[in-house]
Structure formats: structure tokens, C-alpha cells
Amino acid sequence: MTVPIAIIGTGIAGLSAAQALQAAGHSIHLFDKSRGSGGRMSSKRSDAGALDMGAQYFTARDRRFAAAVQQWQAEGHVAEWKPLLYNYHGGTLSLSPDEQVRWVGAPRMSAITRAMLGDMPVTFSCRITEVFRGERHWNLLDADGQSHGPFSQVVIAIPAPQATTLLADAPKLASVVAGVKMEPTWAVALAFDSPLDTPLEGCFVQDSSIDWLARNRSKPGRDSQMDTWILHATSAWSRQHVDMPKEEVIDQLHGAFAELMNCAIPAPAFTLAHRWLYARPAGGREVGALSDADLGLYVCGDWCLSGRVEGAWLSGQEAARRLLEHLK
Ligand code: FAD
Ligand code: NAI
């Protein structure tokens, strides 16, 4: 019997690694603490339709990632989003068009990771708390005290602060990963029964508690009856208000939204807040992935590259490449 490779995390980094390893003929098993795949690229089902609370869109600047996006587009899992873009600066909203191609999952962001996962073996609602080495193989322990294994290698594809705690058997890797700090982001969704009187569909915001807002319904394939909006707070505001109750966060960001929009903002019919504790890496890091090939441990995620969807996918590819290289 072949001993499979364990992959912790079904965000786009873990799934990117999983696809590359499967394509090379290896058997893998994925684990995720959530009930579904996608991580920060997942969408929230709600009474106002599916809402992209995390990643809003992505760009493809690397040739290899662009090829993957093209394939997802051909399969109908992604579509181009062409928002009417604005910029808010110094108290003024102004049109800010550009030539950048921006992609979104269709009909919701989570469609991409759902398609990548396909029928790969996976255990959801399983938070891994320990990764430990037996005589020849690796085993995983979950938060319910259940053990999983044996595994020949382990790929850890989760945010750095969460990965650090799983690296007790690899102190050198642990000390590098522990040096990576990640910033939180508060995300709020507002839904209105009647459409707001504005053509704006996306806005980069400066000088506010908000740094980005988007009309969720303007993305291709979204079928909400309501006019749905996503607001993202800045890292600084999110850090300062990290423990604020959700109702208060909604109030504050709704207020900031009303202040910067040039139209009447009625009371929303629906609201939702989500706190991403590890939303984005603080400071740039371009390591591709981290590994101790002799031990059989690989670590990847957006924080190893650009802190974006593209970087996460490339980091998963790099972890798989290193693992396959070692087995040659
Ligand atoms: P994740 O998506 O975080 O995946 C990690 C997975 O591991 C999760 O599913 C988690 O449940 C699981 N996990 C964690 N710990 C454990 C454990 N102990 N055991 C088991 N499972 C575990 N990027 C862009 O390119 N464009 C954007 O517009 C954009 N906007 C963003 C807005 C917000 C609010 C946020 C939060 C992120 C945004 N990003 C954006 C960043 C983008 O979402 C990430 O770079 C990318 O999704 C990260 O993928 P990943 O696989 O590295 O990590
Ligand atoms: P991109 O090229 O569209 O944007 C990069 C940055 O350039 C923007 O943040 C913005 O500051 C600026 N910009 C781009 N187009 C603009 C325009 N038309 N008008 C004014 N400013 C413009 O996309 P890229 O490089 O793929 O980045 C992804 C986005 O994801 C970024 O906006 C980033 O801030 C966001 N992100 C948010 C996270 C969060 O936690 N809130 C985490 C990770 C990424």
C-alpha cells in the first residue's frame, strides 16, 4: 500500500499543491478545519445570496497562473469582472478606470476551489493541532484527539501564525514561520432592498476606516434580489478594533460607507460581519515555499509570496515542485 501525502488546508495554496502532486501520480489526503474548501477565497451563503467576504477578485501576472486561470475560465468557474471603478481620496470620489484584467469565481468566489477539489479525498471540520513524526512516517492529531496517518510527507498550507504551532518537530522551519506576522481584516456585507442610486461597482478608498468596497451583485453570475455591498476595513482599523462586537463593527463601517458615498444610504435590510484574523501578511516575503525535504515537511501559502490569490497558487505549486524534486 502506498502511504499518502497529507495536505493541511484546502485554500487555493493547498489545492494547488494537491493538484500538482496528484498529477504526478501521488496519493494525497486533505484536511481542513472548516466545513468546506476555499479558506479566504470562500463565499458565505446568506439570505442576501452568496457573498464574497474575503478575496474580491484576482489578477494573473505570472504566465503559469494565467494558464490555470484560462483553463478555469474555459470550464466556466471564473469570469472577468469589469467593475466601474472609483477612487476615494481626500474626501472626493472620482472615477478611476484602468486596463487591468480582474477575475472572479463564478457564480461565486468559492466556485474555483470547489472545482479544484473535485473528488480528492478530504476530511472537513477537522482542525489539526499536532504534526508528529513516528519511526518512518508522519501522523496528525486533530482537536478532538483523533489521530490520522501514516503519511509519507506533510504539506502545511495555512496562514503562518497557524502553521507555526504545527512545526514543533521542525524547529528551524518553525522559527522562520514564527517571524511572519499577519494582519486582520474586518469585512462587512450590507444588502439593500432597492438599488443604491450610484453607478459605482468597486472603489479603492484612502483616508477612511474602509480601504475597499464593492457592489457584490455587479460580479458575473451573482443572482441576489437585493443590492449587496462588501466593505473591507483597513488593516490598521481592523487591528485596533479586533475584539469589537460585530454589531458595532457593522454600525461603524456602515457609517463610514454612508460618509464617502455620494448618494443616500438607507438602513440595510440585511447585514453580516466577518473577522479575518489572518487576512494578509504584514510586509512582503518572496520565498516561494519553505521546506525541510529530509524531514518531509513543506509549508506554503500566500504569505510565502505576494499575499494574494496568485501568490497562494504559485506557492502551492512551489511546495509540490520541491517535494517531487526530492523524490527523484
Ligand atoms: P487560506 O485561504 O487561508 O487557506 C487556509 C485553509 O487552511 C483554510 O481553509 C483554513 O480553514 C485551513 N486551516 C487553517 N488552520 C488549520 C488547521 N490547523 N487544521 C486544518 N485546517 C486549517 N487576494 C487577492 O488576490 N485579491 C483580493 O481582492 C483579495 N482580497 C482579500 C480580502 C480579504 C478580506 C482577505 C481576508 C483576503 C484577500 N485576498 C485577496 C487574499 C487571498 O484571499 C489569499 O491570498 C488567498 O486566498 C490565501 O490562500 P491560502 O491557501 O494561502 O490560505
Ligand atoms: P490590483 O492591481 O487591482 O490592485 C493593486 C492595488 O493598486 C490596489 O490595492 C490599489 O491600491 C491600486 N489600484 C489598482 N487599480 C486602481 C485603480 N483603478 N484606481 C486606484 N487604485 C488602484 O490587484 P492586485 O495587485 O491583484 O491586488 C489584489 C487586491 O487585494 C489589492 O487591492 C489588495 O489590497 C487586496 N487584498 C486585500 C486583503 C485584505 O485583507 N483586505 C488581503 C490581500 C489582498
Side-chain angles (χ1 to χ4, degrees), residues 6-18 30-42 52-61 65 81 83-89 94-104 109-110 112-113 116-117 122-131 140-143 148 156-166 182-188 202-206 210-212 214 230-235 238 274-282 289 299-316 319:
I7 300 174
I8 305 170
T10 64
I12 195 159
L15 288 167
S16 166
L30 289 144
F31 295 88
D32 204 294
K33 67 183 171 67
S34 297
R35 277 181 299 166
S37 60
R40 281 169 280 161
M41 272 183 90
S42 56
D52 302 336
M53 299 297 281
Q56 295 294 293
Y57 64 85
F58 53 93
T59 54
R61 300 187 171 110
F65 184 59
W81 181 42
L84 192 62
L85 274 179
Y86 279 69
N87 194 35
Y88 179 84
H89 181 62
S94 50
L95 265 170
S96 191
D98 63 23
E99 298 297 313
Q100 180 66 56
V101 176
R102 295 182 172 85
W103 301 100
V104 294
M109 195 53 95
S110 55
I112 299 166
T113 48
M116 289 173 82
L117 180 64
V122 59
T123 306
F124 284 122
S125 304
C126 180
R127 187 161 67 82
I128 303 300
T129 52
E130 226 179 286
V131 175
L140 312 181
L141 194 69
D142 71 26
H148 306 265
I156 300 174
I158 64 181
Q162 294 169 315
T164 307
T165 62
L166 302 185
M182 292 186 76
E183 295 278 14
T185 294
W186 269 112
V188 161
C203 183
F204 297 101
V205 181
Q206 283 98 48
I210 295 173
D211 72 3
W212 163 258
I230 305 291
L231 321 176
H232 283 165
T234 63
S235 297
S238 303
H274 183 84
R275 184 185 66 174
W276 299 98
L277 211 40
Y278 306 117
R280 58 170 132 208
V299 192
C300 59
D302 65 332
W303 52 272
C304 291
L305 280 168
S306 58
R308 301 181 295 122
V309 168
E310 179 178 48
W313 185 87
L314 287 168
S315 178

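In each ligand, atom 1 is the first atom listed, and ligand 1 is the first ligand listed.
With a 4.0 Å heavy-atom cut-off, ligand 1 is reached by the side chain of I8 but not by its N, CA, C or O. Only the side chain of T185 comes within 4.0 Å of ligand 1, judged by heavy-atom distances. Here W276 has no heavy atoms under 4.0 Å from ligand 2, in either its backbone or its side chain. Contact annotation for A55 and ligand 1: heavy atoms of both the backbone and the side chain come within less than 4.0 Å of the ligand. At a heavy-atom distance under 4.0 Å, no atom of E99 approaches ligand 2. Contacts of Q162 with ligand 1, taken as heavy-atom pairs under 4.0 Å, involve the side chain alone.
The shortest contact between atom 27 (O) of ligand 2 and any protein heavy atom is with R308 CD, 3.6 Å. Nearest to atom 37 (C) of ligand 1 among the protein's heavy atoms is A279 O, 4.0 Å. Of the protein's non-hydrogen atoms, the one nearest atom 4 (O) of ligand 1 is G11 CA, 3.4 Å. When only non-hydrogen protein atoms are considered, atom 47 (O) of ligand 1 lies nearest to M41 CG, 3.5 Å. In terms of protein heavy-atom proximity, atom 49 (O) of ligand 1 is nearest to A312 CB, 3.5 Å. Given atom 23 (N) of ligand 1, the protein heavy atom at minimum distance is V309 N, 3.5 Å. The shortest contact between atom 30 (O) of ligand 2 and any protein heavy atom is with Y57 OH, 4.9 Å. In terms of protein heavy atoms, atom 9 (O) of ligand 1 is closest to D32 OD2, 2.6 Å. When only non-hydrogen protein atoms are considered, atom 2 (O) of ligand 2 lies nearest to R61 NH2, 2.7 Å. Of the protein's non-hydrogen atoms, the one nearest atom 45 (O) of ligand 1 is D302 OD2, 2.9 Å. Nearest to atom 26 (O) of ligand 2 among the protein's heavy atoms is T59 OG1, 2.6 Å. Looking only at protein heavy atoms, the nearest one to atom 5 (C) of ligand 1 is A157 O, 3.5 Å. Looking only at heavy atoms of the protein, atom 36 (N) of ligand 2 is closest to R280 NH1, 3.7 Å.
Between G9 and ligand 1, no pair of N/O atoms sits closer than 3.5 Å. Between H232 and ligand 1, no pair of N/O atoms sits closer than 3.5 Å. Between Y57 and ligand 1, an N or O atom pair is found at a separation short of 3.5 Å. For ligand 1, one of its N or O atoms has an N or O atom of S34 under 3.5 Å away. In terms of polar-atom proximity, W276 is not counted as a contact of ligand 1, lacking any N or O under 3.5 Å from an N or O of the ligand. For ligand 1, the polar-atom distance check against T10 finds no nitrogen or oxygen pair separated by under 3.5 Å. Annotation: K33 places an N or O atom under 3.5 Å from an N or O atom of ligand 1; distance criterion only. Considering backbone and side-chain atoms alike, P159 places every N or O at 3.5 Å or more from each N or O of ligand 1. On a distance-only criterion, I128 and ligand 1 share at least one N/O pair closer than 3.5 Å. Taking distance alone, with nitrogen or oxygen atoms compared against 3.5 Å, A13 approaches ligand 1 more closely than that limit.
Taking every heavy atom of G38 and a limit of under 4.0 angstrom, the matching atoms of ligand 1 come to 2 (O). Close approach to G307 involves these atoms of ligand 1, each under 4.0 Å from a residue heavy atom: 41 (C), 45 (O). The contact set between ligand 2 and A279, taken as ligand atoms under 4.0 Å from a residue heavy atom, comprises 40 (O), 42 (C). Of all atoms in ligand 2, numbered sequentially from 1 with element shown, those under 4.0 Å from a heavy atom of S96 are 17 (C), 18 (N), 19 (N), 20 (C). Of all atoms in ligand 2, numbered sequentially from 1 with element shown, those under 4.0 Å from a heavy atom of L85 are 18 (N). If you number the atoms of ligand 1 from 1 as listed, the ones under 4.0 Å from a heavy atom of G54 come out as 31 (C), 32 (C), 33 (C), 34 (C). Using a 4.0 Å cut-off to heavy atoms of T185, the atoms of ligand 2 that qualify are 39 (C), 40 (O), 41 (N). Listed by number with element, the atoms of ligand 1 under 4.0 Å from a non-hydrogen atom of Q56 are 27 (C), 28 (O), 29 (C), 30 (N). The atoms of ligand 2 that sit less than 4.0 Å from any heavy atom of G307 are 43 (C), 44 (C).
Under the 4.0 Å distance rule, the nearest protein heavy atom to atom 7 (O) of ligand 2 falls outside the cut-off. Atom 18 (N) of ligand 2 is approached by the protein to below 4.0 angstrom, counting heavy atoms only. When distances from atom 38 (C) of ligand 2 to the protein are checked, a heavy atom turns up under 4.0 Å.
For the residue pair V101 and T59, the shortest heavy atom distance occurs at O-CG2, 3.8 Å.
Look at R102 and you'll find a heavy atom under 4.0 Å from some atom of ligand 2. Not close to ligand 1: C300, with no non-hydrogen atom less than 4.0 angstrom away. Distances shorter than 4.0 angstrom do not occur between any heavy atom of Q56 and any atom of ligand 2. Using a non-hydrogen distance threshold of 4.0 Å, S37 does not register as a contact of ligand 1.
Atom 53 (O) of ligand 1 has its nearest heavy-atom neighbour, among R127, R40, R275, R35, in R40. When the heavy-atom distances from atom 7 (O) of ligand 1 to L166, I158, T113 are ranked, the shortest goes to I158. The heavy atom nearest to atom 11 (O) of ligand 2, considering only F58, Y88, F204, W212, is found in F204.
At least one side-chain heavy atom of F65 sits under 4.5 Å from a side-chain heavy atom of F58. With contacts defined as side-chain heavy-atom distances shorter than 4.5 Å, the pair R40/P159 qualifies.
Checked against a 6.0 Å centroid threshold, the rings of W212 and F204 count as neighbours.
The aromatic rings of H148 and F31 sit perpendicular to each other, their planes meeting at more than 60°, with 30° as the lower class boundary.
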Working for side chain to side chain contact (heavy atoms under 4.5 Å, CB included), residues I158 and I128: CA-CA 11 Å; I158 64 181; I128 303 300; over 6 Å; no
Verdict with supporting geometry, L85 and R102, side chain to side chain contact (heavy atoms under 4.5 Å, CB included): CA-CA 11 Å; L85 274 179; R102 295 182 172 85; 3.3 Å; yes
Derivation of the side chain to side chain contact (heavy atoms under 4.5 Å, CB included) call for D302 and R280: CA-CA 8 Å; D302 65 332; R280 58 170 132 208; 5.7 Å; no
